[in-house]
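Everything quoted here is computed from the prediction, not taken from an experiment.
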Amino acid sequence: MTSTCVECGNSVQNLYTQYSKDNIRLTTCDRCNKFADKYIEHDFIIIFIDMLLHKPQVYRHLLFNRITEQDGVEPHVFRFAILLILFEVYIKWFRLERYYTVYDASFIQQPLHYQYLYILTLCIFEFIAFHCSVNMLVRWYLRNQTKRIRYNYVSMALIISSFGKMLLILMVIWDYKQLEYSWLVNIIVLASNTEALSVYLNIPYFQTLLIVSFGILCRVCSQFLFLYFTYFNDHPEGLSSYLTKTRWVSI
């Protein structure tokens, strides 16, 4: 399998030449005359900072050079996806328990295991709806192109670039009701999702933004459908009350 230059996207035969255990020489790209993958010698903290800065080079490194070619989801990415889902469960539970019991106290009165399993099922349902809708739209958008697209890499690009959700841990440290940082974190995640998907699919940012936005819309619709059929259908108090109660389920 050929590797990819993180600077220009050109294919290269190898990323470095190893002369001894601690002596390597990075390969120079024939097209741009820069190091094909400078991140080989960089620490994780540098990679993380570049991910925060939405640099396309770091996503080329992660998607094309770090992850080996495979049909499924890379084990480390899969574990990170589980971590994101569990973290989302905690965030939703935290919001519900701390701020929105005034709108509806019946749910919080349920046993703890029921609350956790219910919110976990909701988060998994949202996750599946988002990834399936994005992959479906990507398949439709590229239907006339001959380029081979690995749709598992589309999902891995979205998972890796959703690292920004972990920044919501700030709401536990400070008073989240006053700071209201969740919308800013959502914008960061949207931008990083757009960057990563644009890098992998090699399509313009605007089209990628529309694809990701469609996935977010489907995820929001799945939230309302799940809550309507599993919870609010048993508590018919009108549309305004329904919309008020769903405020704790944020994007």
Side-chain angles (χ1 to χ4, degrees), residues 1-12 29 31-32 34 36-37 39 47-67 69-74 77 80-81 84 88 125-167 182-225 250-251:
M1 175 183 176
T2 58
S3 302
T4 300
C5 173
V6 300
E7 302 293 341
C8 65
N10 185 42
S11 296
V12 293
C29 176
R31 177 190 292 178
C32 63
K34 297 180 179 179
D37 194 342
Y39 293 102
I47 295 176
F48 180 73
I49 291 174
D50 282 356
M51 291 175 70
L52 284 174
L53 296 175
H54 301 334
K55 291 188 176 182
Q57 293 92 335
V58 71
Y59 287 111
R60 290 194 185 100
H61 165 73
L62 293 172
L63 295 172
F64 297 112
N65 298 337
R66 177 65 68 88
I67 299 176
E69 186 173 353
Q70 54 190 291
D71 295 327
V73 177
E74 204 270 339
V77 179
F80 184 63
L84 287 176
E88 187 74 18
F125 189 66
E126 294 175 11
F127 183 87
I128 294 174
F130 176 67
H131 284 264
C132 288
S133 57
V134 169
N135 275 279
M136 179 185 67
L137 192 57
V138 168
R139 188 182 296 270
W140 178 84
Y141 179 78
L142 301 176
R143 64 191 184 280
N144 295 325
Q145 297 188 18
T146 57
K147 179 182 177 181
R148 184 188 179 189
I149 299 295
R150 292 181 174 269
Y151 293 95
N152 58 321
Y153 276 73
V154 172
S155 292
M156 284 193 286
L158 294 174
I159 293 170
I160 293 172
S161 59
S162 295
F163 70 94
K165 291 183 178 181
M166 307 300 292
L167 298 176
S182 65
W183 64 271
L184 179 59
V185 172
N186 291 332
I187 293 177
I188 294 175
V189 174
L190 173 62
S192 57
N193 284 162
T194 303
E195 182 66 60
L197 203 58
S198 176
V199 165
Y200 178 69
L201 298 177
N202 195 26
I203 60 177
Y205 286 120
F206 181 72
Q207 286 87 331
T208 311
L209 178 61
L210 291 179
I211 293 174
V212 177
S213 299
F214 175 76
I216 294 175
L217 178 62
C218 291
R219 183 173 64 188
V220 173
C221 292
S222 69
Q223 292 175 2
F224 281 91
L225 287 174
S250 67
I251 296 175

* **Donor-acceptor contact present, side-chain R143 to main-chain W140, <3.5 Å** => yes
* Structure fact -> Rounded to the nearest 0.5 Å, the OG atom of S162 sits from the CD atom of E88 at a distance of 10.0 Å
* To do: Side-chain contact test, heavy atoms from C-beta onward, threshold under 4.5 Å: evaluate it for N10 versus C32 and give yes or no.
  => no
* Asked: Can you tell me how far the CZ atom of R60 sits from the NZ atom of K55, to the nearest 0.5 Å?
  -> 13.0 Å
* Asked: Just by modelled atom types, is the S198 backbone N or O under 3.5 Å from a matching donor or acceptor in the Y59 side chain?
  -> no
* Asked: If we ignore angles and hydrogens, is there a donor and acceptor under 3.5 Å between the side chains of Y39 and D50?
  -> yes
* Say you draw a straight line from OG of S3 to CZ of R66; how long is it, rounded to the nearest 0.5 Å? -> 12.0 Å
* **F125 and Q223, any side-chain heavy atoms less than 4.5 Å apart** => no
* Structure fact -> Closest non-hydrogen contact found for M156 with V77 is CG-CG1, 3.8 Å
* Side chains of V212 and V134: does their closest heavy-atom pair fall under 4.5 Å? -> no
* To the nearest 0.5 Å, what is the distance between CD (Q207) and OH (Y141)? -> 4.0 Å
* Give the minimum heavy-atom separation between E126 and S222, together with the two atoms involved. => CA-OG, 3.8 Å
* So do T194 and H54 actually touch side chain to side chain, heavy atoms under 4.5 Å? -> no
* Asked: Closest heavy-atom contact between Y151 and V138?
  -> CE2-CG1, 3.9 Å
* What are the two closest non-hydrogen atoms of A196 and L63, and how far apart are they? -> O-CD1, 3.9 Å
* To do: Quick one: pull up CG in L184 and CG in L167 and give me the separation to the nearest 0.5 Å.
  => 9.0 Å
* Looking at side-chain heavy atoms only, is the closest gap between D37 and V12 below 4.5 Å? -> no
* **Candidate pair F80 and F163, rule ring pair (Phe, Tyr, Trp, His ring centres under 6.0 Å), full reasoning** => CA-CA 9 Å; F80 184 63; F163 70 94; 8.1 Å; no
* Do the side chains of F64 and V6 get nearer than 4.5 Å, heavy atoms only? -> no
* **Distance in Å, S192 OG paired with L158 CG, rounded so as to fall on 0.5 Å steps** => 9.5 Å
* Please walk me through it: do T208 and N193 pass side chain to side chain contact (heavy atoms under 4.5 Å, CB included)? -> CA-CA 9 Å; T208 311; N193 284 162; over 6 Å; no
* Taking all non-hydrogen atoms of both residues, which atom of S161 and which atom of A157 are closest, and how far apart? -> OG-O, 2.7 Å
* Heavy-atom check, side chain of V154 versus side chain of L197, under 4.5 Å -> yes
* Chi angles and distances behind the side chain to side chain contact (heavy atoms under 4.5 Å, CB included) call for L62, I67 -> CA-CA 6 Å; L62 293 172; I67 299 176; 5.6 Å; no
* To do: Please test F127 against L84 for side chain to side chain contact (heavy atoms under 4.5 Å, CB included), starting from the C-alpha separation and ending with a verdict.
  => CA-CA 10 Å; F127 183 87; L84 287 176; 5.7 Å; no
* Asked: Between F130 and I216, is any pair of side-chain heavy atoms under 4.5 Å apart?
  -> yes
* **Closest contact, heavy atoms only, G164 versus V185** => O-CG1, 3.2 Å
